[in-house]
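Sequence lines set the chain letters: A, B, ... in the order given, protein chains first and strands last, and positions in each chain run from 1.
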Amino acid sequence: MGYPFQDIEEKWQAIWASQQTYKVDQPSDKPKFYVLDMFPYPSGAGLHVGHPLGYIVSDIVARYKRHKGFNVLHPQGYDSFGLPAEQYAIQTGQHPAVTTETNIKRYREQLDRMGFSFDWSREVRTSDSSYYRWTQWIFSLLFDAWYDTKQDKARPIDALIQHLEHFGTQDLEAACDEDTPTCTAEDWRSMDEMEKQIFLLRFRLTYLAETEVNWCPALGTVLANDEVVQGVSERGGHPVERKKMKQWSMRISAFADRLLQGLESIDWPEPLKEMQRNWIGKSVGASVRFYIENSQRQIEVFTTRPDTLFGVTFLTLAPEHEWVKEITTAQQRAEVEAYIAQAAQRSERERMSEVERISGVFTGAFALHPITNEKIPIWIGDYVLAGYGTGAVMAVPCGDQRDFDFATHFKLPIKNIFKDVDISAAAHTAKENTIIDNSDFIDGLSIPEATQKVIAELGNKGMGEGATTYRLRDAVFSRQRYWGEPIPIYYVNGQPQLVPDECLPLKLPEVSKYLPTADGAPPLGNASEWAWDTTQNKVVSNDKIDDKTVFPLEKNTMPGWAGSSWYFNRYMDAHNTEAFASKDAMAYWKEVDLYLGGSEHATGHLLYSRFWQYFLYDFGLVPVENFAKKLINQGMILGESAFVYRIPDTQIYLSKGLCKGKKVIPVHVDVSLVSAQNELDIEGLKKWQPHFSDATFELEDGKYIVGREVEKMSKSKYNVVNPDAICAQYGADTLRMYEMFLGPIEQAKPWNTAGISGVSNFLNKFWRLFHSGEDFVVSDDKPTKESLKTLHKTIEKVTQDIEQFSLNTSVSAFMIATNELTSQKCNHREILEPLTVLLAPFAPHICEELWALLGHQDSITNAAYPVANPNFLQDDTKAYPISFNGKMRFTLALSTSLSKDEIEAAVMQEERTQTYLDGKTPKKVIVVPNKIVNIVI
RNA sequence: GCCUUGGUGGCGGAAUUGGUAGACGCGCUGGAUUCAAAAUCCAGUUCUUUCGAGAGUGUGGGUUCGAUUCCCACCCAAGGUACCA
């Protein structure tokens, strides 16, 4: 039988826990290494085999770095605020805190079962008030901050007030809502407190504003842009509509350029950086103003191609553009209004699905070209989006395909401004090797030259300037939910006021129901005690609200990403009650050295975290600007779903081979009811779900064969494989190594247990190296040179692989070593002891046991990592001068046991050699044992 | 459409970055051990083949003595993204 993994794993897990083996010291003289996993949301379903993939990688790196002499911070916690617990509460009435606690307990059991070396003494939970008090505190800081674009950093709001006191908005460069307000110092001083607050709110980094938001009626809440995927909610897939609501927002747009630039200095995967770049969506170009004919009004457009200014033949406004009604002529009014009404009816989704359709209408109005003063017709078209740029474009049909299509469709003029380019069939969008023509003072120039000159000329005329726009929008921060951090705000005459810092945490109140109130207020509206008493500085009953000393509290809560945007700093000093982490702790740990998690967080968590870190850095609260130096995206482990095939309107199910040419409906069935040969356990299926009990199954060769398809692992697809069963059958060490062996970390791969016996065999073989029969037998004799070579080769390979995160090939290296040592009959301490340390990060339980059997009192965790001795790595290398046809030529023979004569003979025999050598001098012959490979000339 | 990543046996996947393609594992075939099985061990396993050899890393070209690796064009897959001006 195999080694007793069950006893060993239970035993060591208990010892590690009782001795706090993985508790990390701080401060320490050792160099630090901080390796972190994205903390999980504790869902009711528990962990499946996909979750641990990243945790195993980080655990291997953490253990490896400990052996290498680093002081390793390797914590874990829970992102425990979230929607599922709340929805469960709505259905059952059970408090989300209770559900969360139960789920966390289950997660912890599963995590412990796999032997992870987390320092649990630093566990954080975002739903603990001892944690979220600091989330609220950061919110307060953001509220009392503004963004100085001149210094390019966030600053305290007091600095802004100082500036306004002395200079008004003169020389002020600050991130703000659209239409930056202006005032003189006198204006400011003459404002009353309320007016000042309203003014300041437009500059605060977290602000309350009437904004167009993504409202999801089914979930009853607003969603951030990254939580909406293709027009439906990311969670649940419910439709989402645009709606104007008064909401808290975070001014992430102020940081757009830094978030973009910062990507250059962090070692994150290229695809993920690319996603963030796209999301930020920087476009450089110019802002150009067109006068409307017979009016003082100007239409402002944004273009990335100022060089095409002379190719403009019409303007297009979004149907929602604010001046559409005003400029439309009487004759066109009916048509325009009909078009606007029709456009408003079309939902976002319809607009997206009908991209091909060209629609638009003429307003009857004309604009004047800013340089030539030519009359240019103004159109409306829904290909122009109100939410991007200024909601208006200058249409250049010869240089933009959409403008070209629009012009062709409505028979508008197309002017060619490119030299020697044919634009009869399509627009010319290429920028390289293009010369501008037909364009006044920029004729004959290249595009970059023309761009510069046009911007300069527009500037002279006061008709435009260089401009940059971003796709990144401010992030909506209010959620109409119960299970989230309360926003530490109360309202005096409708104006938001901060709950004082010293009164935090503002604890989540008890509510009678978790649903919105009858009048549509968020669930916190059901709390009876949710008012702020400014005389006592505490939460009191709503009855006492008098708007003099007792005021209503904010009823919205924070979104899920609030707590996860700074937690990596909290682990550095998880129990501090004076600060979110002490200066000393942060000065020592600085940032995460290696961060592991899925790429699905690219435009959510990872962008928000970078934003908050920049902000905290500007305020001198964290020592580094980037919170994670290196990041690795582990690929998803996919499930192999199983299907049975039902004939419509019947209870007849066809085996997969019988479906050909028939109309069938595939139905998911639980993968645990299917054998490795895809045979269905029919009796099991009938018991599994009652509606199968009266079904009939048509078999092939006496079996029902299911169909298979690779999909994301999910409860609803019944394809979830749970690690507990694998641990029970093969042990945690096997599971850990098998998940690594499956393939490269970043790659998505279907879960398949077909190969797991190979890893299990390997661990048994490794165990047997130390045993003779049942007895532990290790020799203290000197090992053979061959065995030493095997050892040092393996040290070299495995170490390199871990450094490069190529963990699948390091598992192979262990297998090779074990096979070689077995055939060498090696059981020497000098070999096996270092090999055990080498393997310990991968298979900690078995190695800890063997380490103890080898006579060590201390945990293997503290053993020093073995170093490869280069003397045993080199192959025998010899260089021989060899003569061909009487002429001397230099030939190098590598790693060979052949004699000079043998090499010479072999080279001469090699057929191809003859042709290569004809008249040329060979510089190098590479020889591997017993065979000539090639010749370098 | 655009961006990113990838395409290698029956399968998961290696290949020191231009030098024996297919490591390691699964599966399969044969053998040893066994009354038998499990377990274990040994050998073989890219394809074709007239057993000489020939072909072969998505397809077609190119550079090179030599290409899975570099260059050009194309095809396919996965992920991201979009009437973004």
Inset, instruction - Tell me what A:Q747 touches on the nucleic acid: a base, only sugar-phosphate, or nothing, going by heavy atoms under 4.0 Å. - result: sugar-phosphate

Legend entry - Per A:E274 side chain, nearest of listed nucleotides B:rA85, B:rU4, B:rG13: B:rU4

Legend entry - Between CG on residue A:L272 and CD on residue A:E746, distance to nearest 0.5 Å: 12.5 Å

Inset, instruction - Could you tell me whether A:E796 and A:K793 have a side-chain N and a carboxylate O separated by less than 4.0 Å? - result: no

Inset, instruction - Compare side-chain N and O positions of A:T809 against OP1 and OP2 of B:rA23 and report whether any pair is under 4.0 Å apart. - result: no

Legend entry - OP1 or OP2 of B:rC84 under 4.0 Å from side-chain N/O of A:R402: yes

Inset, instruction - Look at all strands and tell whether A:D403 reaches a base, only sugar-phosphate, or nothing, counting heavy atoms closer than 4.0 Å. - result: nothing

Legend entry - Complementary nucleotide of B:rG54, counting Watson-Crick and G-U pairs under 3.5 Å: B:rC47

Inset, instruction - Could you tell me whether A:K765 contacts a base, only the sugar-phosphate backbone, or nothing, with contacts defined as non-hydrogen atoms closer than 4.0 Å? - result: sugar-phosphate

Inset, instruction - Could you check which nucleotide pairs with B:rG66 in any of the strands shown, counting Watson-Crick or G-U wobble with both distances under 3.5 Å? - result: none

Inset, instruction - Take atom CG of A:N633 and atom P of B:rG80, then tell me their distance rounded to the nearest Å. - result: 12 Å

Legend entry - Separation between the P atoms of B:rG1 and B:rU48, rounded to whole Å: 38 Å

Side chains of residues 309-316 of chain A: which donor-acceptor pairs under 3.5 Å do they make with residues two or more places apart or in other chains?
unit_1	atom_1	unit_2	atom_2	d
A:T313	OG1	A:P413	O	3.0
A:T316	OG1	A:Y383	OH	3.3

Inset, instruction - Name the closest nucleotide to the A:R471 side chain, picking from B:rU4, B:rC84, B:rA85. - result: B:rC84

Legend entry - Partner nucleotide, any strand, of B:rG60 [Watson-Crick/G-U, under 3.5 Å]: B:rC72

Legend entry - B:rA23 phosphate, OP1 or OP2, under 4.0 Å from A:N808 side-chain N/O: no

Legend entry - B:rG1: pairing nucleotide in any strand, Watson-Crick or G-U under 3.5 angstrom: B:rU81

Legend entry - Interatomic distance at C1', B:rA67 relative to B:rU57, whole Å: 11 Å

Inset, instruction - Have a look at B:rG80 and give me syn or anti from its glycosidic angle (syn if within 90° of zero). - result: anti

Inset, instruction - Would you mind classifying the nucleic acid contact of A:P750 as base, sugar-phosphate or nothing, using non-hydrogen atoms under 4.0 angstrom? - result: nothing

Inset, instruction - Measure from CZ on A:F814 to C1' on B:rA14 and round the result to the nearest Å. - result: 17 Å

Legend entry - Protein-nucleotide distance (A:L821, atom CG; B:rC41, atom C1'), rounded to Å: 17 Å

Inset, instruction - Considering only NZ, NE, NH1 and NH2 on the basic side and carboxylate oxygens on the acidic side, decide whether A:E739 and A:K749 come within less than 4.0 Å. - result: no

Legend entry - Rounded distance (Å) that lies between atom C1' of B:rG13 and atom OH of A:Y738: 11 Å

Inset, instruction - Please tell me which of the listed nucleotides, B:rG12, B:rG13, B:rU4, lies nearest to the side chain of A:E270? - result: B:rU4

Legend entry - Rounded distance in Å between the P positions of B:rA55 and B:rU49: 15 Å

Inset, instruction - Dump the intermediate steps for side-chain hydrogen bond (donor to acceptor under 3.5 Å, both in side chains) on A:T390 and A:E300, then the final yes or no. - result: CA-CA 7 Å; A:T390 58; A:E300 185 166 10; over 6 Å; no

Legend entry - Separation of B:rG79 P from A:E746 CD (nearest whole Å): 17 Å

Inset, instruction - May I ask you to verify if any side-chain N or O of A:N752 is less than 4.0 angstrom from the OP1 or OP2 atom of B:rC26? - result: no

Legend entry - Of the listed nucleotides B:rU4, B:rU40, B:rA85, the one nearest the side chain of A:R768: B:rU40

Inset, instruction - For B:rG54, decide between syn and anti, treating a glycosidic angle within 90° of 0 as syn. - result: anti

Inset, instruction - Tell me which of A:T822 and A:A754 sits closer to the 5' end of RNA chain B, going by the nucleotide each one is nearest to. - result: A:A754

Legend entry - Gap between atoms CH2 and P, on A:W279 and B:rA82 respectively (whole Å): 7 Å

Legend entry - Mutual orientation of the aromatic rings belonging to A:F5 and A:Y3 [parallel < 30°, tilted 30-60°, perpendicular > 60°]: perpendicular

Inset, instruction - If B:rG9 has a Watson-Crick or G-U wobble mate with both distances under 3.5 Å, name it; if not, just say none. - result: none

Inset, instruction - Would you indicate, yes or no, if B:rU40 has its OP1 or OP2 atom less than 4.0 angstrom from a side-chain nitrogen or oxygen of A:N764? - result: no

Legend entry - Complement of B:rA21, any strand, by Watson-Crick or G-U distances under 3.5 angstrom: none

Legend entry - Heavy-atom check, side chain of A:V759 versus side chain of A:M815, under 4.5 Å: yes

Legend entry - From B:rC24, B:rA85, B:rU40, nucleotide with atom closest to A:N819 side chain: B:rC24

Inset, instruction - Specify the glycosidic conformation (syn or anti) of B:rU17, with syn defined as within 90° of 0. - result: syn

Inset, instruction - Please determine, for the side chain of A:M815, which listed nucleotide (B:rC24, B:rC83, B:rC26) has the closest atom? - result: B:rC24

Legend entry - Watson-Crick or G-U counterpart of B:rA14, or none if no pair lies under 3.5 Å: none

Legend entry - Among B:rG13, B:rC41, B:rC84, the one nearest A:L385 by side-chain distance: B:rC84

Legend entry - 5'-most by nearest nucleotide on RNA chain B - A:P271 or A:M275: A:P271

Legend entry - Nucleotide nearest A:I816 when distance is taken to its side chain, options B:rA85, B:rA23, B:rG12: B:rA23

Inset, instruction - Compare side-chain N and O positions of A:Q276 against OP1 and OP2 of B:rG80 and report whether any pair is under 4.0 Å apart. - result: no

Inset, instruction - Please tell me which of the listed nucleotides, B:rG12, B:rA85, B:rA23, lies nearest to the side chain of A:S812? - result: B:rA23

Inset, instruction - Over 60° means perpendicular and under 30° means parallel, so classify the ring planes of A:H601 and A:H605, tilted if in between. - result: perpendicular

Legend entry - Distance, rounded to the nearest Å, where A:D405 contributes CG and B:rA85 contributes P: 16 Å

Inset, instruction - For the residue pair A:W751 and A:Y738, categorise the inter-ring angle as parallel (less than 30°), tilted (30 to 60°) or perpendicular (more than 60°). - result: perpendicular

